[in-house]
Amino acid sequence: MSNTSTIAHLVNEAEAALRLGLKPRGLQNLRQTGRGPKFVRISRGCIRYRPEDLDKWISERLADSTSDETEAEVKNG
């Protein structure tokens, strides 16, 4: 995959938030606290997300009941 097609594959913050069912500010909060999906910092004011990282972040939060610890909770202690 070329660099150009990789960059075209990235989604902006608003698209990522929509995909996760969050408001952009909620996604920013998760990013600032280190609890959000991995992201790509293009520049100081330009953040992008890879769709596969969003999918992985979602998968790590799958649970069968409200009492289950998710994979993300176990990782974060």
First locate atom NZ of Lys38, then atom CZ of Arg31, and finally report the distance between them rounded to the nearest 0.5 Å.
->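 Here the rounded value is 15.0 Å.
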Pairing residues for Thr66 by the side-chain hydrogen bond (donor to acceptor under 3.5 Å, both in side chains) criterion, not counting sequence neighbours | none
Using side-chain hydrogen bond (donor to acceptor under 3.5 Å, both in side chains) as the criterion, list what pairs up with Ser43, not counting sequence neighbours.
->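 Testing Ser43 for side-chain hydrogen bond (donor to acceptor under 3.5 Å, both in side chains), a comparison that skips the adjacent residues, returns none.
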Under the salt bridge (charged side-chain N to carboxylate O under 4.0 Å, His left out) test, which residues partner Glu52, sequence neighbours left out?
->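 Here the qualifying residues are Arg50.
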Quiz: residues 18-28 side-chain donor-acceptor pairs under 3.5 angstrom, not counting sequence neighbours:
unit_1, atom_1, unit_2, atom_2, d
Arg19, NH2, Asp55, OD1, 2.6
Arg19, NH2, Asp55, OD2, 3.3
Arg25, NH1, Gln28, OE1, 2.5
Arg25, NH2, Asn29, OD1, 3.3
Gln28, NE2, Glu13, OE1, 2.9

Side-chain heavy-atom pair Pro37, Lys56 within 4.5 angstrom cut-off |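 No. Closest side-chain heavy atoms not under 4.5 Å.
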Side-chain contact, heavy-atom cut-off 4.5 Å: Arg48 with Val11?
->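 Side chain of Arg48 against side chain of Val11, heavy atoms only: no contact under 4.5 Å found.
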